2 protein chains.
Amino acid sequence: MKKYFKILRKCPLFDQITDDNLLRMLVCLGARVETFEKKYTIFAEGAPANHIGIVLSGSAQIIQVDYFGNRSILNSIEPAQMFAEAFACAEVRSMPVSVIANEPCEVMLIDCRHILHTCSNNCEFHQQLIFNLMKDLATKTIMFHQRIEITSKRTTREKLMAYLLLQAKKSGSNSFDVPFDRQELADYLEVDRSGLSAEIGKMKKEGLIDNSKKHFVLL
Amino acid sequence: MKKYFKILRKCPLFDQITDDNLLRMLVCLGARVETFEKKYTIFAEGAPANHIGIVLSGSAQIIQVDYFGNRSILNSIEPAQMFAEAFACAEVRSMPVSVIANEPCEVMLIDCRHILHTCSNNCEFHQQLIFNLMKDLATKTIMFHQRIEITSKRTTREKLMAYLLLQAKKSGSNSFDVPFDRQELADYLEVDRSGLSAEIGKMKKEGLIDNSKKHFVLL
DNA sequence: TAAAATCTGTTGAATTTTCAACAAAACGGA
DNA sequence: TCCGTTTTGTTGAAAATTCAACAGATTTTA
């Protein structure tokens, strides 16, 4: 487990937890690590929603697929970030979304019931973990607000521009990579892929942006 | 304060809190009640985000207005529900959304810092409140997932149908009221109002739904 | 009660998106 | 390196949304 400490220290779940306590805590929580190949399903829609996931390496995507097969990408999960914590904390029966490995992944899984319900050892760190979960959920809620601000725009160009402006702000630079290929970006922005490609082409011609694959520059 | 107990007991923030403790707690937290007329701003975008709001009577709406004046309605807040808790818990500087009274409202305001940071009295209920906040935030996250499932649909009809199906499920009946007038429903679904009116008319003609004002029936 | 303000439904034109199909480019594996 | 697969850009036609304008209905206010 020790080899994961460097990344786990960055995970908001373990804020304010000393290195000394972290190892014992992981044992007590029954944390385990699993690996997934690219495109493999980490959590399937409909599966029990008991576990919190933490991406240790690689990346994952939260997706919804509707009755007609249309995919929405809700979020991209990078190393040290958590996923499925809302469903585990709300104690819903089953997952309403799927989580897919976007590249080869190492994922730590923790049964959330071990966090929410005090264990027989009566460890004091439960309170800190619950506080950290609360903070994380509040942050996730804000991310959803930002996503809604983007997808509520009515045209492909407005959505893309709103998304790129936010990414530039987050990265602190006008030159940055996005975590999506074209189809994925379209499924995040809720637009048609070919329309998105066309719009990117137009905006390049107009000198608004520069782009090559996943790299974008705001001009 | 006692006159609000009946509704406060239904607020998820006070789950597992005994009536005896509730009054003392409200004093300790510095809770206060304010009233707002219809359409008045409870929290303005850009204002400090320190307070959690609880709707005691009436209802409120969470709205985003973009640069061009386009309004999105993120959520409707009914009595006993909280709002702005995510921003207060995440300790962001200022509100990224506005909260508007949808009808005459009584609102309880609690400075979230009194919940997150233990007070000098060292009351034991902080832990329970933080646990309750975590549960509430998890539930709110799930609500956003549902909203995204609705607004990610590409046509007005699909969005409306997805919304109505969810409302029917929530109300436990095929006959129910929605908390929005036409323009508000359009701003929630992220579609054009006139297009929405036209689509409702078509669906009535096709015998899919019945509707009058805010009342809908799924046939 | 009457007048004013707001809300709703309807229309047609303009804009935009979606859809399907295809070819070029990029990628990955043998 | 070559071949098969995946990704990306491009196109045009069909479908849907948006927009502006207006009239009738409803609600609010004086």
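Only heavy atoms go into these numbers, but all of them, side chains included; no hydrogens, no water, no symmetry mates. These numbers come from a predicted model, not from an experiment. By convention in this document, chain letters (A, B, ...) are assigned in the order of the sequence lines, proteins followed by strands, and residues within each chain are numbered from 1.
Defined by atom type and a distance below 3.5 Å, a donor-acceptor pair is missing between the side-chain atoms of A/Gln64 and A/Ser72. For the 3.5 Å distance criterion, the side chains of A/Ser76 and A/Glu78 qualify, holding a donor opposite an acceptor.
Under the rule for a ring pair (Phe, Tyr, Trp, His ring centres under 6.0 Å), A/Tyr4 has no partner lying at least two apart in sequence or in another chain.
Within residues 208-219 of chain A, the residues having any heavy atom under 4.0 Å from DNA chain C are, by residue number, A/Lys213. Within residues 178-186 of chain B, the residues approaching DNA chain C are B/Asp181, B/Arg182, B/Gln183, by heavy-atom distance under 4.0 Å.
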So which protein nitrogen or oxygen atoms get under 3.5 Å of nucleotides 15-22 of chain C's nitrogens or oxygens?
{"unit_1": "C/dT17", "atom_1": "OP1", "unit_2": "A/Thr156", "atom_2": "N", "d": "2.3"}
{"unit_1": "C/dT17", "atom_1": "OP1", "unit_2": "A/Thr156", "atom_2": "OG1", "d": "2.9"}
{"unit_1": "C/dT18", "atom_1": "OP1", "unit_2": "B/Arg154", "atom_2": "NH1", "d": "3.3"}
{"unit_1": "C/dT18", "atom_1": "OP2", "unit_2": "A/Asp192", "atom_2": "N", "d": "2.8"}
{"unit_1": "C/dC19", "atom_1": "N4", "unit_2": "A/Ser194", "atom_2": "OG", "d": "3.3"}

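When side chains are defined from C-beta on, B/Met161 counts as touching B/Leu218, because their heavy atoms get closer than 4.5 Å. Between B/Leu160 and B/Val191 there is no side-chain heavy-atom pair separated by less than 4.5 Å. Side-chain contact between A/Cys89 and A/Leu137 is present, with heavy atoms from C-beta onward closer than 4.5 Å.
For residues 79-109 of chain A, the ring-ring contact (aromatic ring centres under 6.0 Å, His included) pairs, not counting sequence neighbours, are A/Phe43-A/Phe83, A/Phe87-B/His145. Sequence neighbours left out, not one pair with a member in residues 198-219 of chain B passes ring-ring contact (aromatic ring centres under 6.0 Å, His included).
Taking atom CG on B/Leu196 and atom P on D/dA16, their separation rounds to 16 Å, with Å as the unit. Protein atom CE of B/Met203 is 13 Å distant from nucleotide atom P of D/dA16, rounded to whole Å. Atom C1' of nucleotide D/dA16 and atom CD of B/Glu158 are separated by 11 Å, given to the nearest angstrom. D/dT17 atom P lies 14 Å from atom NZ of B/Lys153, rounded to whole Å. If you take CG of B/Leu160 and P of C/dG9, they are 12 Å apart, rounded to a whole angstrom. Taking atom CD of residue A/Glu103 and atom P of nucleotide C/dC27, one finds them 15 Å apart after rounding to whole Å.
For the pair B/Lys38 and B/Lys205, nearest-nucleotide mapping onto DNA chain C gives the more 5' position to B/Lys38.
Using a 4.0 Å cut-off between charged side-chain N and carboxylate O, B/Arg157 and B/Glu206 make a salt bridge. Taking a cutoff of 4.0 Å between a charged side-chain nitrogen and a carboxylate oxygen, A/Lys213 and A/Asp177 do not qualify as a salt bridge.
Residue B/Ile54 forms a side-chain contact (heavy atoms from CB on, under 4.5 Å) with just one option from B/Gln81, B/Glu106, B/Glu85, B/Met108, and that option is B/Met108.
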